[in-house]
**Q** 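Here it is: the structure, laid out below.
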Amino acid sequence: MTSIRHNTTMGSGDPVLDAAREMVLAVGVRRTTLTDVARRAGLSRMTIYRRWPDVRGLVADLMTREWVLVASRFAAEDPVTAAVGVVRELRDHPLWRKIVEVDPELLLPYLLHRRGSSHEAMLALVESAIARGQSLGTVRPGDPGTLAGSVLLTAQSFLLSGPTMLGPLTQDDLDAELATLLERYLRP
């Protein structure tokens with residue numbers, strides 16, 4: 001998993017998602033069209049439209065692929081180490097940065113109204129890491145799903161709102177505070 005985790009700038013082998021990634025990085029979500037993605041992928045528009053009726057659905061699948069690749073570290077690392085690492089890696093992820101800088105409104109439904117497939121996939125990864133930690137005695141007892149939801153909410157707040165706390169705090173300071181919060185929350 002480590003090689004995948006650190007290789008988030010390369011595609012997964014899906015030419016449509018790879019082309020969509022290139023387009024979003026080049027022009028942002030609002031200016032990306034399915035026609036442009038089809039052209040970049042070397043496919044017909046109808047091939048793209050059969051799988052994704054609109055750009056929002058395509059970008060949602062792209063975000064899920066990218067974020068889950070980053071979050072895959074939960075499969076091998078302690079939940080605290082993984083959560084801090086995922087926040088750090090997403091903060092610097094080119095697709096995340098582009099969306100936050102150019103199309104932040106795209107994230108609002110997932111922050112205010114509903115969980116998307118990215119959330120569901122990440123929750124499953126965090127829950128599995130917590131259950132593994134519980135079996136090893138490094139994570140306190142409790143419902144793994146409930147604990148995972150709290151870890152995800154905490155990490156998400158540091159990812160999204162952390163930049164508002166910079167100066168005099170640094171990113172390293174915030175990462176250390178996130179680790180302290182999660183350590184105290186999860187440890188027996």
**Q** Minimum heavy-atom separation for L182 and A83, please, with both atom names.
**A** CD1-CB, 3.5 Å

**Q** In Å and rounded to the nearest 0.5 Å, what is the CG to CE distance from L152 to M122?
**A** 6.5 Å

**Q** Write down the atom of L125, the atom of A71, and the distance for their closest heavy-atom approach.
**A** CD1-O, 3.6 Å

**Q** The test is salt bridge (charged side-chain N to carboxylate O under 4.0 Å, His left out); show your working for D18 and R21 and say whether it passes.
**A** CA-CA 5 Å; D18 294 344; R21 185 182 196 280; over 6 Å; no

**Q** Does L160 belong to the same Ile/Leu/Val/Met/Phe/Trp/Tyr cluster as L108, with side-chain heavy atoms less than 4.5 Å apart forming each link?
**A** yes

**Q** Please determine whether residues L112 and W67 belong to a single hydrophobic cluster, defined as Ile, Leu, Val, Met, Phe, Trp and Tyr linked transitively by side-chain heavy-atom distances below 4.5 Å.
**A** yes

**Q** Within a reach of under 6.0 Å around CZ of R187, are more than 12 heavy atoms found that belong to other residues, nucleotides or ligands?
**A** yes

**Q** Check A121 against V68 and note the closest heavy-atom contact, atom names and distance.
**A** CB-CG2, 3.4 Å

**Q** Do E120 and T64 come within less than 4.5 Å of each other through their side chains, counting heavy atoms only?
**A** no

**Q** Using 0.5 Å steps for rounding, measure from the CE atom of M63 to the NE2 atom of H93.
**A** 11.5 Å

**Q** To the nearest 0.5 Å, what is the distance between CE (M46) and CG (L34)?
**A** 11.0 Å

**Q** Is the closest side-chain heavy-atom distance between L106 and R30 below 4.5 Å?
**A** no

**Q** Any donor-acceptor pair under 3.5 Å linking the side-chain atoms of T170 with those of D173?
**A** yes

**Q** Could you tell me whether a side-chain N or O of T154 sits under 3.5 Å from a main-chain N or O of S150, the two making a donor and an acceptor?
**A** yes

**Q** Please report the shortest heavy-atom distance between L58 and V16, naming the atom on each side.
**A** CD1-CG1, 3.8 Å

**Q** Do R91 side-chain atoms and F158 backbone N/O form a donor-acceptor pair below 3.5 Å?
**A** no

**Q** Would you compute the distance between atom OG1 of T32 and atom CG of L25 and round it to the nearest 0.5 angstrom?
**A** 9.0 Å

**Q** Heavy-atom distance under 4.5 Å between the side chains of P79 and V151, does that happen here?
**A** no

**Q** Taking only residues two or more places apart in sequence, or in another chain, which ones meet W52 in a ring-ring contact (aromatic ring centres under 6.0 Å, His included)?
**A** none

**Q** Test side chain to side chain contact (heavy atoms under 4.5 Å, CB included) on M23 and L62 and set out the steps.
**A** CA-CA 11 Å; M23 289 302 306; L62 172 63; over 6 Å; no

**Q** CD/E177 to CG/D172 distance, rounded to the nearest 0.5 angstrom?
**A** 12.0 Å

**Q** If you draw a 6.0 Å radius around CZ in R140, do more than 12 non-hydrogen atoms from other residues or ligands fall strictly inside?
**A** yes

**Q** Hey, could you give me the CD/CG distance between E22 and D36, rounded to the nearest 0.5 Å?
**A** 12.0 Å

**Q** Restricting to non-hydrogen atoms, name the atom on T146 and the atom on Y185 that form the minimum distance, rounded to 0.1 Å.
**A** O-OH, 4.2 Å

**Q** Does the side chain of T164 come under 3.5 Å of the side chain of S161 through a donor N or O and an acceptor N or O?
**A** no

**Q** What verdict does the side chain to side chain contact (heavy atoms under 4.5 Å, CB included) test give for L174 and L166, after you've listed the backbone C-alpha separation in whole Å, the side-chain angles of each residue and the deciding distance to 0.1 Å?
**A** CA-CA 8 Å; L174 290 175; L166 295 176; 3.7 Å; yes

**Q** Within a reach of under 6.0 Å around CZ of R115, are more than 12 heavy atoms found that belong to other residues, nucleotides or ligands?
**A** no

**Q** Closest approach of V87 and L159, non-hydrogen atoms and distance?
**A** O-CD1, 3.8 Å

**Q** Give me the ring orientation class for H119 and Y110: parallel if the planes are under 30° apart, tilted from 30 to 60°, perpendicular past 60°.
**A** tilted

**Q** Are the side chain of R132 and the backbone of E77 linked by a donor-acceptor contact shorter than 3.5 Å?
**A** yes

**Q** Same cluster for L95 and V102 if Ile/Leu/Val/Met/Phe/Trp/Tyr side chains link at under 4.5 Å?
**A** no

